[in-house]
2 protein chains.
Amino acid sequence: MTEPKPQTIATWIALANANRVVLEGIEDALKAAGLPRLDWYDALLEIEKAGAAGIRPFDLKERLLLPQYGMSRLLDRMAKAGLVDRQGVENDGRGQIVSLTPEGRSVRRAMWPVYAERLTRSVEGSISQEEASDLARLLNKLAHPES
Amino acid sequence: MTEPKPQTIATWIALANANRVVLEGIEDALKAAGLPRLDWYDALLEIEKAGAAGIRPFDLKERLLLPQYGMSRLLDRMAKAGLVDRQGVENDGRGQIVSLTPEGRSVRRAMWPVYAERLTRSVEGSISQEEASDLARLLNKLAHPES
DNA sequence: TCCATATAGATGCAAGTGCATCTACTTAAG
DNA sequence: CTTAAGTAGATGCACTTGCATCTATATGGA
């Protein structure tokens with residue numbers, strides 16, 4: 001029986017709470033501004049990075065850590081909103097290439113200041129830069145257990 | 001324009017990733033064991049703590065940080081699964097009192113070893129106890145911005 | 001007492017998610 | 001060429017979540 005140490009449980013609760021507080025803060029700010037949710041931002045940014053060449057959905061889903069059907073439907077919604085373009089790809093009749101429309105770029109850019117302001121407030125308002133650096137280091141150890 | 005420092009962004013990404021990794025690990029383990037999800041565990045535990053006296057849903061939702069309708073429906077599902085009991089309350093005809101059934105207790109207890117094993121592995125397998133303690137301290141600063 | 005307001009909880013509807021499966025195309029092996 | 005296996009992406013169905021609203025009871029005045 002692997003009973004966790006009390007410190008382990010406390011750390012996990014703190015992790016879940018901190019994530020929730022920061023995330024909800026950002027989501028609330030976006031919603032209040034009438035902007036899409038954070039997952040759209042992530043997707044828009046990743047597609048934007050791919051530039052005019054675009055990106056394949058199967059590639060995108062790896063970067064965004066979404067399940068295949070989740071990616072498919074997120075693209076559906078973003079396409080319906082006019083933010084992304086899907087076009088067939090030359091060599092592979094199964095696939096498609098996704099790229100941002102001008103409006104997609106514009107929405108992504110409108111989201112950033114709201115996102116940034118809230119994130120800055122949440123993080124820089126609570127901990128110093130050294131603490132943030134320590135925190136990130138420890139969190140990355142948790143996220144990448146390649147002991 | 002409050003542009004976040006690069007360290008701030010890195011910390012936020014690390015926070016989201018660490019949370020996701022630990023959470024998914026636990027959820028996967030519970031699912032693989034054919035057990036309910038973590039949110040049920042939290043609810044079952046909180047109700048169990050209330051003992052025979054039970055607890056009011058409006059109270060429970062504060063502790064679990066759920067919206068009112070979310071609490072209402074979670075109780076629906078847990079009641080349908082036979083894990084909780086809802087009964088009217090004496091002085092307040094609007095309200096109800098929720099308590100665990102024996103099966104609710106038993107399910108909660110069955111979930112714990114699975115939850116505990118995975119949590120222990122995620123945390124204690126990646127960082128030392130001192131690190132966990134530092135991490136919790138920093139995360140709590142993030143979650144409680146009472147500067 | 002009567003009414004306005006507040007509180008506890010439920011619910012209709014639209015949207016999002018998870019799972020399994022399906023279609024279409026591609027690739028490799030015979 | 002033909003066929004089996006693999007890969008890209010879509011989708012039907014059940015379930016969950018969010019939002020707004022609804023019902024029912026409670027409470028604090030006039």
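Within every chain, numbering begins at 1; the chains are lettered A, B, ... in the order of the sequence lines, protein sequences first and strands thereafter.
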**Study point:** Nearest-angstrom distance from the residue atom CE of A:Met78 to P of C:dG16
**Key:** 12 Å
Study note, to complete from the structure: Which of B:Leu139, B:Thr120, B:Val22 passes side chain to side chain contact (heavy atoms under 4.5 Å, CB included) with A:Trp12? Answer is B:Val22
Check your understanding: Starting at the 5' end of DNA chain D and moving along, which residue's nearest nucleotide shows up first, A:Arg73 or A:Asp92?
Key -> A:Asp92
Exercise for review: Kindly say if B:Ser72 contacts the phosphate of C:dA10, meaning a side-chain N or O under 4.0 Å from OP1 or OP2.
Suggested key: yes
Review point. Where the side chain of A:Arg37 is concerned, which of C:dC19, D:dC19, C:dG16 is the nearest nucleotide?
Key: C:dG16
Point to revise | Nearest to side-chain heavy atoms of A:Gln96, which nucleotide of D:dG9, C:dG9, C:dT17 | key: D:dG9
Practice item. Can you tell me the distance, in whole Å, between the CG atom of A:Leu66 and the P atom of D:dA10? Key: 14 Å
Point to revise | Whole-Å distance separating the CG atom of B:Leu75 from the P atom of D:dT16 | key: 14 Å
Check your understanding: What nucleic acid atoms does A:Gly70 come within less than 4.0 Å of, heavy atoms only: base, sugar-phosphate, or nothing?
Key -> nothing
Practice item. Map B:Gly95 and A:Trp40 onto DNA chain C by nearest heavy atom, then report which one ends up closer to the 5' terminus. Key: B:Gly95
Revision key, fill the gap. Looking only at heavy atoms, the pair that brings A:Leu100 and A:Ile47 closest together is N-CG2, 3.6 Å
Exercise for review: Give B:Asp59 one of three labels, base, sugar-phosphate or nothing, depending on what nucleic acid heavy atoms sit under 4.0 Å from its own.
Suggested key: nothing
Revision key, fill the gap. Among the nucleotides C:dA10, C:dA8, C:dG18, whichever has the atom closest to the side chain of B:Phe58 is C:dA8
Check your understanding: Just how far, in rounded Å, is C1' of D:dT17 from CG of A:Asp39?
Key -> 14 Å
Check your understanding: Under 4.0 Å between a side-chain N or O of B:Lys31 and OP1 or OP2 of C:dG18?
Key -> no
Exercise for review: Could you tell me whether the side chain of B:Gln68 has a donor or acceptor atom within less than 3.5 Å of a complementary atom in the base of C:dA8?
Suggested key: no
Practice item. Starting at atom CZ of A:Arg77, determine the distance to atom C1' of D:dG9, rounded to an integer number of angstrom. Key: 15 Å
**Study point:** Lys/Arg N to Asp/Glu carboxylate O, A:Asp92 vs A:Arg56, below 4.0 Å
**Key:** yes
Exercise for review: Could you check how far CD1 of A:Ile97 sits from C1' of D:dG9, rounded to whole Å?
Suggested key: 14 Å
Review point. Is any side-chain N or O of A:Arg94 under 3.5 Å from a base N or O of C:dT26, one able to act as donor and the other as acceptor?
Key: no
Point to revise | Ionic contact status for B:Arg86 with B:Asp76, cut-off 4.0 Å | key: yes
Practice item. Write down the distance between NZ (A:Lys61) and P (D:dA10), rounded to a whole number of angstrom. Key: 12 Å
Check your understanding: Is a salt bridge present between A:Lys5 and B:Glu124, judged by a nitrogen-to-oxygen distance below 4.0 Å?
Key -> yes
Review point. Tell me: CG of B:Asn91 to C1' of D:dT27, nearest whole Å?
Key: 14 Å
